Amino acid sequence: MIGEIEDKINLRLMMVSGKTADFKFDTSDTAADVVRRVYNNWPEEWVDETIKDSETLRLIYQGRFLHTNITLDALQLTRGRTTVMHLIARERLPQPTSSDSNRKRKTSNSDCCCSLQ
């Protein structure tokens, strides 16, 4: 039993509000598995932060959004130690429109210049 627990990845998930909850996962679990399990076992302490579905939940580790197919093992997390990840609700980002592209082009090719005297 003790060896079994040490083979798990301990994740402390933190919401934007600062509320945390701890979960244990297998190294073969993906970010999508983590999100689904958390959604299906939503902590009572987070009741005021209820999410409409698991598809809107995103994990952030070391400042980066995790792709749904990355495994915990690929992140080289230490087994038996607690790792903190942020959990946020975020819809998929919209695809840029042609007006967004034009706006970026205009700001990057500015006609303004400075001269120092």
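Atom set for the values below is all heavy atoms of this structure, side chains included, hydrogens, waters and symmetry mates excluded. We count residues from 1, following the sequence as given. Everything numeric in this text was worked out from a predicted model, so none of it was measured.
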Student: Which of these passes salt bridge (charged side-chain N to carboxylate O under 4.0 Å, His left out) with Asp22: Arg81, Lys8, Arg12?
Tutor: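 When salt bridge (charged side-chain N to carboxylate O under 4.0 Å, His left out) is applied between Asp22 and each of Arg81, Lys8, Arg12, only Arg12 qualifies.
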Student: Is Ile9 reachable from Ile70 through a run of hydrophobic residues whose side-chain heavy atoms are each under 4.5 Å from the next?
Tutor: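 Both belong to a single hydrophobic cluster.
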Student: Output side-chain donor-acceptor pairs under 3.5 Å for residues 32-47, partner residues at least two apart or in another chain, one line each.
Tutor:
from, atom 1, to, atom 2, distance (Å)
Asp33, OD1, Arg36, NH2, 2.8
Asp33, OD2, Thr30, N, 2.9
Asp33, OD2, Thr30, OG1, 3.2
Arg37, NH1, Lys24, O, 2.3
Arg37, NH2, Lys24, O, 3.2
Tyr39, OH, Lys52, O, 3.0
Asn40, ND2, Arg36, O, 3.2
Asn41, ND2, Arg37, O, 2.8
Trp42, NE1, Trp46, O, 3.0

Student: Can you tell me how far CG of Leu59 sits from CZ of Arg64, rounded to the nearest 0.5 angstrom?
Tutor: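 Going from CZ on Arg64 over to CG on Leu59, the span is 15.5 Å.
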Student: Roughly how far, to the nearest 0.5 Å, is the CG atom of Leu77 from the CE atom of Met85?
Tutor: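 The CG atom of Leu77 is 5.0 Å from CE of Met85, to the nearest 0.5 Å.
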Student: Under the criterion side chain to side chain contact (heavy atoms under 4.5 Å, CB included), I'd like the reasoning laid out for Thr68 against Glu55: C-alpha separation, chi angles, the key distance, then a yes or no.
Tutor: CA-CA 10 Å; Thr68 56; Glu55 297 297 314; over 6 Å; no
Student: Which heavy atom of Ile51 sits nearest a heavy atom of Ala89, and at what distance?
Tutor: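 Closest approach of Ile51 to Ala89: CD1-CB, 3.6 Å.
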Student: Among all residues two or more places apart in sequence or in another chain, which pass the salt bridge (charged side-chain N to carboxylate O under 4.0 Å, His left out) test with Asp48?
Tutor: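 Counting only residues at least two positions away or on another chain, Asp48 forms a salt bridge (charged side-chain N to carboxylate O under 4.0 Å, His left out) with Lys19.
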Student: To the nearest 0.5 Å, tell me how far Thr27 OG1 sits from Leu75 CG.
Tutor: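 Reported to 0.5 Å precision, the distance equals 11.0 Å.
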Student: In terms of hydrophobic clusters joined by side-chain contacts under 4.5 Å, are Met14 and Leu66 together?
Tutor: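 Met14 does not cluster with Leu66.
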Student: Quick one, Glu49 with Leu87, criterion side chain to side chain contact (heavy atoms under 4.5 Å, CB included). Give me CA distance, side-chain angles, the key distance, then yes/no.
Tutor: CA-CA 11 Å; Glu49 302 189 47; Leu87 181 69; over 6 Å; no
Student: Write down the atom of Tyr61, the atom of Val84, and the distance for their closest heavy-atom approach.
Tutor: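 Looking at all heavy atoms of both residues, the closest pair is CD1-O, 3.9 Å.
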Student: Would you confirm whether Asp73, through its side chain, and Ser28, through its main-chain N or O, come within 3.5 Å as a donor-acceptor pair?
Tutor: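 Such a contact is absent between Asp73 side chain and Ser28 backbone.
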Student: Which atoms form the tightest heavy-atom contact between Leu13 and Phe23, and what is the distance?
Tutor: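 The pair with the smallest heavy-atom distance is CD1-CD1, 3.8 Å.
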Student: What's the spacing between Arg58 CZ and Arg90 CZ if we round to 0.5 Å?
Tutor: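 Interatomic distance, Arg58 CZ to Arg90 CZ, rounded to 0.5 Å: 8.5 Å.
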